[in-house]
Participant: 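Would you mind keeping the following structure in view while I ask a few things?
Reminder, nothing fancy here: chain letters follow the sequence lines and each chain counts from 1. As a basis for the values below, the full set of heavy atoms in this structure was taken, side chains included, without hydrogen atoms, waters or symmetry mates.
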There are 2 protein chains.
Amino acid sequence: MTAKKKRPTLQDVADRVGITKMTVSRYLKKPEQVSIALHEKIQSALDELGYIPNKVPDMLSSAKSHAIGVLVPSLTNQVFSEVIRGFESVTEPAGYQTMLAHYGYSQSAEEARIATLLGYNVDGLILSESAHTERVRRMIKTAGVPVIEMMDSVSPAIEQAIGFDNSAASFAMTELMISRGHHNIVYFAARMDARTRLKIQGYEQAMRKHNLEPFSLQTEEASSFTRGALLLRQALQQRPSLDGIFCTNDDLAIGAFYECQRQGIPVPEQIGIAGFHGHDISGAMVPRLATVVTPREEMGRLAAENLLSRLQGKPVTERVIDLPFRLEAGESLRPES
Amino acid sequence: MTAKKKRPTLQDVADRVGITKMTVSRYLKKPEQVSIALHEKIQSALDELGYIPNKVPDMLSSAKSHAIGVLVPSLTNQVFSEVIRGFESVTEPAGYQTMLAHYGYSQSAEEARIATLLGYNVDGLILSESAHTERVRRMIKTAGVPVIEMMDSVSPAIEQAIGFDNSAASFAMTELMISRGHHNIVYFAARMDARTRLKIQGYEQAMRKHNLEPFSLQTEEASSFTRGALLLRQALQQRPSLDGIFCTNDDLAIGAFYECQRQGIPVPEQIGIAGFHGHDISGAMVPRLATVVTPREEMGRLAAENLLSRLQGKPVTERVIDLPFRLEAGESLRPES
DNA sequence: GAAATTTCTGTTACGCGTAACATATTACCT
DNA sequence: AGGTAATATGTTACGCGTAACAGAAATTTC
């Protein structure tokens with residue numbers, strides 16, 4: 001076969017039945033408006049030709065694409081997979097397709113991705129960041145699509161933010177560590193994004209409040225178990241007297257814990273370790289990891305619900321939705337005295 | 001403001017400069033064909049109006065969407081994040097947008113997702129499965145877009161498969177375990193997809209070859225660390241004499257390991273444990289986990305390269321690309337004797 | 001059985017960027 | 001200057017599903 005058969009259109013289906021494409025279109029959208037006599041004929045023509053609905057023409061006619069653009073900094077980060085799961089648990093039953101893109105924590109990459117997504121006429125946008133370039137704000141305004149920022153509850157939001165208070169969460173965990181007798185606490189950070197900075201702030205505030213000297217180690221690399229181990233070795237060199245590690249996420253914390261094991265450092269007796277987010281593994285490992293349990297799925301779900309509501313023309317109800325977090329002490333901190 | 005301003009079109013930009021949209025279109029695509037005198041004027045009109053390129057009209061004109069649909073069974077599964085990273089490392093520089101969708105290991109959901117993606121006129125499809133419904137095969141054929149199946153190297157592929165030999169990998173690891181003195185090996189599986197079945201096959205073949213009795217535990221639930229712990233408890237009840245655990249992925253293996261720790265079962269002395277895929281954590285933990293290291297990023301990269309080549313009209317070179325895997329013995333198996 | 005109503009199908013126009021072709025303008029050459 | 005070539009811009013048509021309106025057919029009503 002040399003002639004490349006192109007995919008069938010409504011017209012092809014209509015021709016085969018001997019009607020107009022309008023009737024076929026109706027059969028697909030509002031079958032009750034089409035005579036029963038035609039149903040079978042149309043259906044078999046659809047089947048025989050293998051018609052695949054095409055959303056594009058309708059997208060062009062200024063109608064809706066029924067696609068929502070979701071931007072996350074990273075796919076490998078477990079956190080976002082869970083947020084997305086929550087998000088899609090709402091959008092998918094509602095018939096919206098997710099267009100997922102990631103930008104590797106880079107603002108300029110975020111800008112490029114947003115332009116691309118808007119180029120596909122997404123009906124709305126979910127962002128995972130609260131800091132954006134000026135052009136991003138322009139584009140969003142010009143495109144006129146609803147936007148929700150996730151992951152943090154700082155204001156002012158572009159339109160609406162749904163998240164939790166990263167700084168307060170970090171403050172609370174630091175105080176818990178201090179109350180458990182860990183005073184020389186080092187903070188481990190990777191990939192310095194806006195949220196990480198907020199977490200460090202909370203940590204530093206708590207340390208200062210208790211007249212302790214904050215000290216944080218940062219790396220530009222992505223966080224991973226291996227990275228946590230590296231940071232621990234580095235920290236032991238720079239602060240041999242440390243007795244606590246607070247990590248910006250569970251991966252680093254667990255990596256640091258393994259390194260302690262390798263070096264024969266007892267946890268939590270000599271060093272207490274805390275993570276952030278409360279992934280499945282933090283509760284499964286031995287000892288269970290102290291961590292801040294964050295509302296990941298709920299965040300995604302709420303973002304979806306609010307976005308859908310706004311797509312139906314309803315106004316923004318709350319500009320900032322601040323979800324609660326929870327501290328889990330695990331067994332990687334010294335016991336309560 | 002009551003009147004909802006809609007997003008500017010090329011015509012709006014052209015009007016502002018006093019030219020036709022065609023010239024503006026050319027300025028964006030082939031600026032060298034537009035007189036220098038106009039460049040500045042057009043650019044400032046674009047900036048002032050905040051024009052956002054719109055791909056949809058061109059998609060309609062049977063041109064290409066420059067989007068590729070990627071289907072994975074699950075986003076929370078680390079494996080696929082890494083495959084996607086490899087994939088996008090090629091497609092993104094080439095100017096292709098990924099439309100990611102997941103189907104929770106369900107064939108009918110896969111079918112629905114494929115229909116949706118084709119509705120957005122994706123230029124190509126990447127699937128993570130080799131078993132499909134008949135309708136899926138029909139749709140793909142009718143749509144006439146190139147398709148690549150990832151994750152396994154079984155033939156026959158719809159058009160082209162890129163992966164590794166799941167069954168052989170499983171066979172090899174089972175033999176390694178046996179050679180290390182683990183003979184009463186139980187296989188842990190979650191979510192019975194086609195790949196898992198292949199892995200079980202390999203395990204069973206190796207067991208039988210050595211006159212050992214295969215025994216596998218399966219669950220419909222998603223795999224997780226917690227799930228690995230549960231399966232271990234279950235296995236100890238049903239096979240108290242077991243001395244080896246081979247898991248369909250690292251998560252289950254690590255969860256099982258933690259449960260051993262909790263129960264005071266020495267690993268690898270009493271029970272040897274092996275996982276599958278070789279994620280970062282498997283090499284970071286103590287003891288390091290025995291695992292099958294699979295070519296995840298490379299698989300994604302190759303899939304992308306082959307798909308792009310076919311989008312340029314080149315023919316399929318190899319119908320099945322079988323990538324090598326590698327065994328990592330770690331310290332969770334008994335030492336070589 | 002004719003008018004009124006309901007049900008069903010058809011017609012027309014639209015969205016917007018771009019390929020292909022046509023025209024206009026400028027540059028270049030002898 | 002006349003003519004050819006090169007450059008720059010404009011014109012037209014197209015893709016395909018659907019809303020809005022129009023018209024035709026069937027059904028109901030008295």
Side-chain angles (χ1 to χ4, degrees), chain A residues 4-42 45-46 49-67 115-116 118-121 123 142-144, chain B residues 4-42 45-46 49-67 115-116 118-121 123 142-144:
Chain A
K4 202 169 166 188
K5 53 174 180 269
K6 72 178 201 321
R7 98 188 205 183
T9 69
L10 277 191
Q11 186 65 61
D12 297 327
V13 178
D15 289 348
R16 176 170 274 247
V17 183
I19 54 179
T20 61
K21 59 182 178 172
M22 197 60 228
T23 304
V24 184
S25 171
R26 268 192 284 255
Y27 170 77
L28 291 170
K29 298 275 162 181
K30 303 165 182 169
E32 73 280 1
Q33 292 188 6
V34 175
S35 66
I36 305 292
L38 280 177
H39 280 215
E40 204 184 331
K41 286 185 191 172
I42 297 177
L46 286 168
L49 291 173
Y51 176 75
I52 304 166
N54 185 357
K55 272 192 171 349
V56 175
D58 200 28
M59 286 163 76
L60 180 57
S61 302
S62 80
K64 298 303 175 184
S65 64
H66 267 232
T116 306
L118 291 175
Y120 288 103
N121 283 7
D123 293 344
T142 312
Chain B
K4 202 167 166 189
K5 52 176 181 268
K6 73 177 201 323
R7 101 188 205 182
T9 68
L10 277 191
Q11 186 66 61
D12 297 326
V13 178
D15 289 348
R16 177 170 271 246
V17 183
I19 53 179
T20 61
K21 59 181 178 172
M22 197 59 227
T23 305
V24 184
S25 171
R26 268 192 283 254
Y27 170 77
L28 291 171
K29 299 276 162 181
K30 302 165 184 169
E32 73 281 2
Q33 292 188 6
V34 175
S35 66
I36 304 292
L38 279 177
H39 279 214
E40 205 184 331
K41 287 185 191 173
I42 297 177
L46 286 167
L49 291 173
Y51 176 75
I52 303 166
N54 185 357
K55 272 190 171 346
V56 174
D58 199 29
M59 285 163 77
L60 180 56
S61 301
S62 80
K64 297 302 174 185
S65 64
H66 267 232
T116 307
L118 291 175
Y120 288 102
N121 283 9
D123 293 344
T142 313

Participant: Starting at atom CG of A:Leu28, determine the distance to atom C1' of D:dA19, rounded to an integer number of angstrom.
Facilitator: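 After rounding, the gap between these two atoms is 16 Å.
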
Participant: For A:Thr116, which residues count as a side chain to side chain contact (heavy atoms under 4.5 Å, CB included) partner, sequence neighbours excluded?
Facilitator: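 A:Tyr120, B:Gln97.
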
Participant: What residues in residues 10-22 of chain A put a non-hydrogen atom under 4.0 Å from any atom of DNA chain C?
Facilitator: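 Those residues whose heavy atoms fall under 4.0 Å from DNA chain C, taken from residues 10-22 of chain A in numerical order, are A:Ile19, A:Thr20, A:Met22.
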
Participant: Between D:dG17 and A:Arg26, counting only base atoms on the nucleotide and side-chain atoms on the residue, is there a donor-acceptor pair under 3.5 Å?
Facilitator: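 It does not, because no donor-acceptor pair links the side chain of A:Arg26 to the base of D:dG17 below 3.5 Å.
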
Participant: Quick one: is D:dG17 close enough that its OP1 or OP2 comes under 4.0 Å of any side-chain N or O from A:Tyr51?
Facilitator: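 True: A:Tyr51 side-chain N/O within range (under 4.0 Å) of D:dG17 OP1/OP2.
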
Participant: Give a yes/no on whether any side-chain N or O of A:Thr23 is located under 4.0 angstrom from OP1 or OP2 of C:dT9.
Facilitator: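 Indeed not, no polar side-chain atom of A:Thr23 lies that close.
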
Participant: How long is the line joining NZ of B:Lys29 and C1' of C:dC16, in whole Å?
Facilitator: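 For the pair B:Lys29 NZ and C:dC16 C1', the rounded distance is 13 Å.
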
Participant: Under the side chain to side chain contact (heavy atoms under 4.5 Å, CB included) criterion, do B:Val24 and B:Val17 qualify, and how do the steps go?
Facilitator: CA-CA 9 Å; B:Val24 184; B:Val17 183; 5.7 Å; no

Participant: Rounded to the Å, how far apart are A:His66 NE2 and D:dT18 P?
Facilitator: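 My rounded result for the distance is 12 Å.
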
Participant: Tell me, please, which residues at least two apart from B:Leu49 pass side chain to side chain contact (heavy atoms under 4.5 Å, CB included).
Facilitator: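 B:Leu49: side chain to side chain contact (heavy atoms under 4.5 Å, CB included) contacts with B:Pro8, B:Asp12, B:Val13, B:Arg16.
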
Participant: If only side-chain N and O atoms of A:Lys55 are considered, is one of them under 4.0 Å from the OP1 or OP2 phosphate oxygen of D:dG17?
Facilitator: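 Negative; the distance criterion is not met.
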
Participant: Of the residues in residues 30-38 of chain A, which ones touch DNA chain D at a heavy-atom distance under 4.0 Å?
Facilitator: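 Of all residues in residues 30-38 of chain A, none places a heavy atom under 4.0 Å from DNA chain D.
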
Participant: How close do A:Lys64 and A:Met59 get, counting heavy atoms only, and between which atoms?
Facilitator: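 Distance-wise, the nearest heavy atoms are O-CG, 4.3 Å.
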
Participant: To the closest 0.5 Å, what do you measure between CG (A:Asn121) and NZ (A:Lys55)?
Facilitator: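 That separation rounds to 13.0 Å.
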
Participant: For A:Pro57 and B:Leu60, work out which heavy atoms get closest and say how close.
Facilitator: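 That would be CG-CD1, 3.6 Å.
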
Participant: Is A:Asn54 close to A:Arg7 at the side-chain level, that is, under 4.5 Å between some pair of heavy atoms?
Facilitator: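 With C-beta onward as the side chain, the pair touches.
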
Participant: Listed by chain and number, what are the side chain to side chain donor-acceptor pair (under 3.5 Å) partners of A:Ser65, not counting sequence neighbours?
Facilitator: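 Testing A:Ser65 for side chain to side chain donor-acceptor pair (under 3.5 Å), a comparison that skips the adjacent residues, returns A:Asp123.
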
Participant: Is it the case that C:dG17 (base atoms only) and B:Ser25 (side chain only) share a donor and an acceptor within less than 3.5 Å, ignoring hydrogens and angles?
Facilitator: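 Flag unset: no donor-acceptor pair detected.
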
Participant: Once you build an axis from the first five pairs and another from the last five of the helix from C:dG1-D:dC30 to C:dT30-D:dA1, how far apart in angle are they, to 10 degrees?
Facilitator: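 One end's axis against the other's: 40°.
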
Participant: Given atom OH of A:Tyr120 and atom C1' of C:dC16, what is their separation to the nearest angstrom?
Facilitator: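 It is 16 Å, rounded to the nearest whole Å.
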
Participant: Please examine the side chains of A:Leu28 and A:Leu10, heavy atoms only from C-beta on, and report whether any two atoms are closer than 4.5 Å.
Facilitator: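 A:Leu10 vs A:Leu28: side chains touch.
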
Participant: Would you say that A:Leu118 contacts A:Thr142 through its side chain, given a criterion of any heavy-atom pair below 4.5 Å between the two side chains?
Facilitator: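 A:Leu118 vs A:Thr142: side chains apart.
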
Participant: Who are the side chain to side chain donor-acceptor pair (under 3.5 Å) partners of B:Gln33, not counting sequence neighbours?
Facilitator: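 If we apply the side chain to side chain donor-acceptor pair (under 3.5 Å) test to B:Gln33, skipping adjacent residues, there are no hits.
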
Participant: Check whether more than 12 heavy atoms from other residues, nucleotides or ligands sit under 6.0 Å from atom CD of A:Glu32, and answer yes or no.
Facilitator: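 Yes, the 6.0 Å shell around CD holds more than 12 heavy atoms from other groups.
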
Participant: Round to the nearest Å and state the distance from A:Met59 atom CE to D:dA19 atom P.
Facilitator: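 My rounded result for the distance is 16 Å.
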
Participant: Which whole-number value in Å describes the distance from B:Leu60 CG to C:dC14 C1'?
Facilitator: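 Value for this atom pair: 12 Å.
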
Participant: Report the distance from atom OH of B:Tyr27 to atom C1' of C:dT18, rounded to the nearest whole Å.
Facilitator: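 After rounding, the gap between these two atoms is 18 Å.
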
